Amino acid sequence: MIDKVFEKSITKQFEFDEEVASVFDDMLNRSVPYYKEMQRLSINFACNYLKDEDYVYDLGCSTASTLIELSKHCQAKLNLIGIDNSEAMLNRARKKAKAFGVDITLINDDLHNIDYTNAKLILSNYTLQFIRPLQREKLVKKIYDSLQSGGIFIFSEKVISSDSTLNKQSIDEYYEFKKSQGYSEFEISQKREALENVLIPYTQDENIKMILDAGFSHCETIFKWVNFATFIAIKK
Ligand SMILES: Nc1ncnc2c1ncn2[C@@H]1O[C@H](C[S@+](CC[C@H]([NH3+])C(=O)[O-])CC(=O)[O-])[C@@H](O)[C@H]1O
Ligand SMILES: O=C(O)C(=O)Cc1ccccc1
């Protein structure tokens with residue numbers, strides 16, 4: 001279904017409710033530049049590290065697109081676990097996983113409550129940005145502690161620039177992208193307002209610092225388009 005959520009006047013903050021879930025795949029494809037390419041790269045890099053019986057967790061799995069694609073592209077027989085606290089998203093995830101014949105354990109819970117023990121790969125595309133800063137640092141520490149040695153964490157985030165001029169230019173560039181995807185100026189500004197204080201982006205350097213502070217031995221970006229970045233972090 002086509003995303004028209006922000007065509008009407010909005011009075012509440014952005015939420016992953018039934019209305020958003022019903023158009024979510026279209027929303028993501030039209031709102032995140034190079035979403036499919038970022039997903040393809042996350043999966044290809046992930047597959048380099050995976051072998052049979054490994055545990056893979058997707059934090060903020062939404063409609064399970066990434067886990068379904070991962071299972072199609074990786075040779076290894078994996079234990080796939082998707083976590084999200086939106087039942088509306090998980091309903092769609094269950095239907096899609098069934099339709100594609102992919103076995104995924106889908107858990108409705110807050111990301112902080114999950115035991116990620118023995119994870120080989122933890123994925124989290126465009127989800128940490130919705131976690132409050134102090135909680136975010138805590139979650140990343142938990143991710144680090146749970147990974148096996150040699151395990152990896154791949155995540156994507158909307159980022160900001162610490163240079164205010166460049167930051168403004170990046171926002172302008174992003175709005176041009178959204179216009180090119182068919183969103184009107186009204187929809188763009190409505191969504192920006194709804195996301196205020198809900199989506200809290202860090203700079204690229206802040207993201208890398210958070211990862212290294214948690215204990216990871218290495219972190220770098222494998223993809224970046226203006227203010228959207230994908231990172232890979234490695235636990236020694
Ligand atoms: N505290 C939380 N606990 C559990 N889930 C949460 C929490 N906060 C947010 N979520 C969930 O995180 C997901 C973020 S969307 C991820 C896209 C996906 N990774 C994709 O590549 O298709 C990104 C976006 O919409 O920008 C939503 O489904 C929320 O319900
Ligand atoms: O659409 C936006 O304005 C964004 O900042 C990215 C985004 C995409 C999908 C859900 C939430 C935020």
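All of these numbers come straight from a predicted model, not from anything done at the bench. All ligand and atom numbering here is 1-based and tracks the order in the structure.
Here the two rings, on Phe16 and Phe130, have centers that are under 6.0 Å apart.
More than 12 heavy atoms of other shown residues, nucleotides or ligands fall within 6.0 angstrom of atom NZ in Lys8.
The ligand atoms of ligand 2 that sit less than 4.0 angstrom from a heavy atom of Lys178 are 1 (O), 2 (C), 3 (O). Atoms of ligand 2 lying under 4.0 Å from at least one heavy atom of Leu195, given by number and element, are 2 (C), 3 (O), 4 (C), 5 (O), 12 (C). Which parts of ligand 2 touch Ser31 is read off a 4.0 Å heavy-atom cut-off, strictly below it: atoms 1 (O), 8 (C).
Classification of Asp163 and Lys168 as a salt-bridged pair fails, no side-chain N sitting under 4.0 Å from a carboxylate O. Checked for salt-bridge contact, Glu7 and Lys4 miss the test: no charged N lies under 4.0 Å from a carboxylate O.
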- Item | Intermediate values then yes/no, salt bridge (Lys or Arg N to Asp or Glu O under 4.0 Å), Asp145 and Lys142 | CA-CA 5 Å; Asp145 291 339; Lys142 184 171 192 177; over 6 Å; no
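The shortest contact between atom 7 (C) of ligand 2 and any protein heavy atom is with Lys191 NZ, 3.7 Å. Of all protein heavy atoms, the one closest to atom 4 (C) of ligand 2 is Tyr174 OH, 3.2 Å. Nearest protein heavy-atom contact of atom 5 (O) of ligand 2 is Lys158 NZ, 2.5 Å.
Taken from NZ in Lys209 to SG in Cys219, the straight-line distance is 13.0 Å, to the nearest 0.5 Å. Of the inter-residue distances, the one linking Ile234 atom CD1 with Ile152 atom CD1 reads 7.0 Å to the nearest 0.5 angstrom.
Arg30 forms a cation-pi arrangement with Tyr183, by the criterion of a distance under 6.0 Å to the ring centre and an angle within 45° of the ring axis. Cation-pi geometry between Arg136 and Tyr202 is met: the NZ or CZ atom falls under 6.0 Å from the ring centre, inside 45° of the normal.
Near ligand 1, residues Phe16, Phe24, Leu28, Tyr35, Gly60, Ser62, Thr66, Asp84, Asn85, Ser86, Met89, Asp109, Asp110, Leu111, Asn125, Tyr126, Thr127, Gln129, Phe130, Ile131 each place a heavy atom inside the 4.0 Å sphere around the ligand atoms.
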